Each structure stands twice: as C-alpha cells, then as structure tokens.
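On a predicted model such as this, the values are computed, not experimentally measured, just so you know. Both counts, for ligands and for their atoms, begin at 1 and track the order of listing. Residues: numbered from 1 along the sequence shown.
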Amino acid sequence: MDTQLLTTETIARSVWAVPSLARSADGSLSRAENEKIIRHIEQGGITTLLYGGNAIFYHLTLAEYRTALELVSELAAEKTLVIPAVGPAYGTMMDQADVLKDFDFPTVMVLPQRDVITSAGFATGVRHLSERIGKPIVLYLKYDGVMTADDATSLVDDGLISAIKYAVVREDYTQDKYLSELTGKIDTKLILSGLGDQPAIVHMRDFKLGGFTTGCGCVFPKLSMDLLHAIQAGDFEQAETIREKFLPLEQLRDSLGPITILHRATELAGIAQTGPVSPLLSEPAASIQEKIAASIKQIQASL
Ligand SMILES: N[C@@H](CC=O)C(=O)O
C-alpha cells in the first residue's frame, strides 16, 4: 500500500475507485472476495481506492471497522493508495481515529452528514480529527453549502486537507455557484469531481478539478481510466463517447440507489461474490437484478 502523503500529482494519477465491500453469506467481511474486487480494479490500471459510501462504511461496527482496515491495507498492491472513510457522526469518527493510529493510511475521508451540522462546527470536527490522527483529511462536500468556502479555505490554508471530494448533485453541472466559490479560493487540483463518471468531464474541463471518483469504474476500471486520460489529454469528443458507455448502469444507479446497485453489479459482472447488503440498506428486487445484468452486458458489448 502506498503510504506517501497525497500531492496534486497523486490525486491526478488515477481515477479514485469507490468499491463495494464484500461480505460472506453470514454477514462477516470476506477477505477472499474483497481481494478479487481489489485485483479487478487494479488490473484496469486504477491505483487509488476510496472505501466510503459504496462500501457502506457508514454502518460498520467499530470491530468491523478494524477488520475492514486490516483487509484493505493488507490486500492492496504496493503502489495502491487506499483511503478509508470515517464518520459521519463526530463520536464515531473520533473512536475510529484511535483505530486508525494502528495503520499507515496517509489520509482518511470524513463521510458526509447533512443534519445536525453547521459549517463552523464541521470545520472544528475536521480540525480535531486531523489533530487526533496527525494527518490531513479528505473533505467530502456532498450537500450544497454544508461548509462555507471560507471555512474550507481556512482548513486548506492550515494544511489540514489532503483533497476535497465535491459531490453536489446539479441539474446542470456547468452552473454551480458553490463550486465556483470553492474553486475561486482553493487550488482546483486539490478538488475531485465526486459523483462518478457522468459529471467528470464538465467538472474537470470547466472547473479545472484535479480528477474524479467512480463507482462504475469498479466494474469497468479500464474504461474509467480511459475517460480520465481522454479528459487529461483534452480529447473531449473521446471522453464523451466513453462517458456515454457507462450510462446503462449509471442510470440504474441514479434511479434505484447507487450503492446497492453497484454492490450487486459487482457480483453480476462476475468479479466477486459481494454477499448481503448491509442494513440500513436493502437488496435490489429480482426484477432489478435482471436490469443490472442487462446493463452490464450492454456496456460489455460496447467495449
Ligand atoms: N458516488 C460516485 C463516486 C463515488 O463516490 C459513484 O459511486 O459512482
């Protein structure tokens, strides 16, 4: 596992894959199946793994948290950067910080919270977390204005932020006042487009963001890396062609739940047995699973 502190070069060198976390039939975390997922992603050329929402880190027990960190840190290839998430509750992240001290992850990401939060309080929580683990943090901005651009800038200026995952959903990604405010104050290369392959072109071309995160890229990693390389080369026609290839699966995820559809897609694509979906989420119905399988075939046929 790559344990070097993040730089803007690290951020840009790979798409950030956001994988599912496989469980055995009894609900325990599966070493063998998570290894298959990691190898599949790495074989597509991806060197950054972010264990967060798609891995349902929201709902891990503290004991599972340690096991998950052991698995992913031991299974990742030497050059793979692994970023685990913490939180989203303050108490949870501080308990998890004590577990993290036993590992060499160069940074961690705070999962997003929408309720029971203020901008200044969120910034204070990030400061406490960074002090506790002695490392900079990946800020995940998923809700409009959840942290003001000024508060985010203070954290960056104080060296407490390794990257920002920006994932506010918009009707039109070219129009985004919050992102404009952030990019007006913070080095855009520290900010990643955090909503998968669909807004990546607009975010990187128009707002000059440093990279993007992907869920579908855990099933089609080479396609996601091809998209990153096309955008970085300024070949937006090619990038648009690649973006459209993801649509069958991405549209299902958008309408039916990005996390659970990816969890099942990873299995239906033959990558690994991902096992039961963690409560508080639930399994897609059989009819939906047929649609997931069909969408995977459609993408495979387009490659
Ligand atoms: N939410 C996005 C990117 C990951 O955070 C996805 O799953 O595609």
Subset of ligand 1 atoms that lie under 4.0 Å from at least one heavy atom of [X]:
X: K165; answer: 4 (C), 5 (O)
X: T214; answer: 8 (O)
X: G215; answer: 6 (C), 7 (O), 8 (O)

Protein heavy-atom partner closest to [atom] - residue, atom, separation in Å:
atom: atom 3 (C) of ligand 1; value: T213 OG1, 3.1 Å
atom: atom 7 (O) of ligand 1; value: R253 NH2, 2.7 Å
atom: atom 2 (C) of ligand 1; value: G196 N, 3.6 Å

| With ring centroids as reference points, do H203 and Y173 lie under 6.0 angstrom apart? |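 For H203 and Y173, the ring centres are under 6.0 Å apart.
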| said: For the aromatic rings, using the six-membered ring if either is Trp, is the centroid distance between Y166 and F207 under 6.0 Å? | reply: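 No; F207 has its ring centre 6.0 Å or more from that of Y166.
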| Is there at least one pair of N or O atoms, one from E250 and one from ligand 1, spaced under 3.5 Å apart? |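 So ligand 1 has no N or O lying under 3.5 Å from an N or O of E250.
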| request: Verify salt bridge (charged side-chain N to carboxylate O under 4.0 Å, His left out) between R127 and D151, making sure each step is shown before the conclusion. | output: CA-CA 11 Å; R127 281 181 191 278; D151 283 338; over 6 Å; no
| Option nearest atom 4 (C) of ligand 1 (shortest heavy-atom distance, choices V15, D254, V18) |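 Looking at heavy atoms only, the winner is V18.
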| message | For atom 1 (N) of ligand 1, tell me which residue out of A167, P19, C216, G194 has the closest non-hydrogen atom. | response |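 Checking each option, the heavy atom nearest atom 1 (N) of ligand 1 is found in G194.
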| field | K185 and D150 ion-paired at < 4.0 Å | value |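 D150 and K185: salt-bridged.
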| Is the shortest side-chain N to carboxylate O distance from R31 to E74 below 4.0 Å? |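 Salt bridge between R31 and E74, a charged N being under 4.0 Å from a carboxylate O: yes.
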| message | Restricting to side chain to side chain contact (heavy atoms under 4.5 Å, CB included), what partner residues turn up for D95, sequence neighbours left out? | response |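 Applying side chain to side chain contact (heavy atoms under 4.5 Å, CB included) to D95 gives L62.
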| message | Between N54 and S20, does the side chain to side chain donor-acceptor pair (under 3.5 Å) criterion hold? Intermediate values first, please. | response | CA-CA 5 Å; N54 292 338; S20 304; over 6 Å; no
| Within-shell test, G53 vs ligand 1, heavy atom, strictly < 4.0 Å |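 Distance cut 4.0 Å: G53 fails for ligand 1.
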